[in-house]
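Presented below is the structure to which this report refers.
Note that ligands are numbered from 1 as they come in the structure, with each ligand's atoms numbered from 1 the same way. Residues: numbered from 1 along the sequence shown.
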Amino acid sequence: MSMCNMTVVDIHTHMYPPSYIDILQSRVSIPLVRTFPQAPEPRLILLQSEAQSLDEAQHDPNAKPPGRPLTSHYTSLDQKIHFMDTHHIDISVISLANPWLDFVDASASGGVAESVNNEFSDMCSRHPNRLFFFGTLPLTAPLDTIKSSITHLKGLRYCRGVILGTSGLGQGLDDPRLLPIFEALADARLTIFLHPHYGLPNDVWGPRSEDYGHVLALALGFPMETTIAVTRMYLAGVFDKVRDLRMILAHSGGTLPFLAGRIESCILHDGQLVREGKVGKDRRSVWDVLKEQVYLDAVIYSDVGLKAAIDASGNDRLLFGTDHPFFPPLESDEQGTWASVSMNADAVNKAVGEGSANAKAIMGGNAVRILRLDQK
Ligand code: 5CU
């Protein structure tokens with residue numbers, strides 16, 4: 001990546017702090033961390049699509065190890081800083097990786113959220129010019145506990161938002177019970193970083209999906225999940241009800257930039273919606289919401305997808321990211337440069353021109369402005 005006169009900000013970069021790994025190690029169902037005789041490092045098993053390979057590895061010591069190796073890249077702050085230095089990243093906005101606290105018992109999640117958010121805050125304070133974070137909400141807890149968590153995050157100096165999955169309180173993000181939470185986040189000027197985890201049901205992938213590694217779940221399941229979640233929010237009127245809500249969508253919005261036109265057409269031609277008066281002249285279209293309340297990360301690995309994202313939201317709303325520590329190099333040293341990072345940087349250069357004002361904006365300027373990273 002070329003760095004001259006440019007601040008590079010990575011807004012899509014995860015960690016699992018040690019206390020969270022302890023929780024995963026104590027679990028017997030996914031998500032979990034487990035050691036297998038056939039693998040040198042503990043394995044991090046996160047996705048339901050990994051259930052079959054987990055089962056096979058538990059019964060057959062020769063079966064391929066499930067999940068992914070739990071390397072120090074997932075847990076170590078020194079490693080995060082080394083990764084940033086290696087890739088000339090000036091600032092990272094770190095966040096807990098999926099599945100956050102979605103599986104934590106209601107009675108425990110408030111306390112776990114508080115300690116995880118404090119851990120992130122402490123990590124940032126150790127590198128004050130280089131780290132900010134998106135906090136984590138205890139969504140399984142009662143509403144008052146969730147609101148207290150937002151108040152806690154609002155008071156943490158380096159917190160700039162929250163990372164959120166698509167399950168919400170268990171019924172998705174179009175659930176009216178979430179409106180007070182969205183309002184509290186908007187009032188606190190905490191941006192939501194919306195990130196997928198659940199993908200699509202396993203049977204969509206067919207009986208041979210085990211032969212295809214993680215490709216279907218990650219390349220297609222994740223983006224479709226995001227697309228569906230945001231479309232449901234849009235159809236439920238969430239963006240109109242909470243006009244100050246701001247969301248960064250992971251993976252350039254899933255397939256939203258590509259499908260927004262089709263979503264619009266389906267709305268305009270839906271007899272039920274028209275009869276119910278939901279397609280009036282004052283309606284804000286999906287395109288309007290994409291340009292007014294949504295930001296997109298630039299984690300799409302190709303200029304083709306990136307150009308669609310820019311067309312949909314605007315050069316001033318795209319934000320560079322790496323998805324570290326996921327997608328490490330498989331055949332070169334993990335301490336060196338990662339192709340998954342350069343693919344995203346190259347896509348920016350190809351889409352808007354290396355060294356251009358738009359490239360500088362996407363690589364970091366937009367993040368500094370949108371997330372107020374110049375205010376410490
Ligand atoms: O490789 C994966 O499973 C993942 C994941 O779980 N979360 C993520 O952000 N990227 C890749």
Counting from 1, what ligand 1 atoms have a heavy atom of [X] closer than 4.0 Å?
X	answer
F222	5 (C), 6 (O), 7 (N), 8 (C)
H195	8 (C), 9 (O)
D323	8 (C), 9 (O), 10 (N)
H14	9 (O)
L47	3 (O)
L46	6 (O)

For [atom], what is the nearest protein heavy atom, given as residue, atom name and distance?
atom	value
atom 3 (O) of ligand 1	R68 NH2, 2.7 Å
atom 5 (C) of ligand 1	F326 CE2, 3.3 Å
atom 7 (N) of ligand 1	N98 OD1, 2.7 Å

- Is any side-chain N of the basic residue among R130 and D85 closer than 4.0 Å to the acidic one's carboxylate O?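 Judged by the 4.0 Å cut-off on N to carboxylate O distance, R130 and D85 do form a salt bridge.
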- Below 4.0 angstrom, N of the basic side chain to O of the carboxylate: do R243 and E292 qualify?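 Yes, this pair counts.
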- Might you point out which heavy atoms bring S72 and Q79 nearest each other, and give the distance in Å?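 Minimum heavy-atom contact is OG-OE1, 2.9 Å.
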If the plane angle is over 60° it's perpendicular, under 30° parallel, otherwise tilted; pick one for [X] and [Y].
X	Y	value
F193	F134	tilted
W338	H87	perpendicular
Y74	Y16	parallel

- Message: Please state which option from I45, I163, L218 has its nearest heavy atom closest to atom 1 (O) of ligand 1.
- Response: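 The option holding the nearest heavy atom is L218.
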- Message: I'd like to know whether K64 forms a side chain to side chain contact (heavy atoms under 4.5 Å, CB included) with S53, so could you lay out the CA-CA distance, the side-chain angles of the two residues, the decisive distance to 0.1 Å, and finally the verdict.
- Response: CA-CA 7 Å; K64 73 172 180 347; S53 58; 4.0 Å; yes
- Is the closest heavy atom of H197 to ligand 1 under 4.0 Å?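 H197: no contact with ligand 1 (<4.0 Å).
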- Query: Applying a strict 4.0 Å limit to heavy atoms, is H214 in contact with ligand 1?
  - Reply: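 False for this residue.
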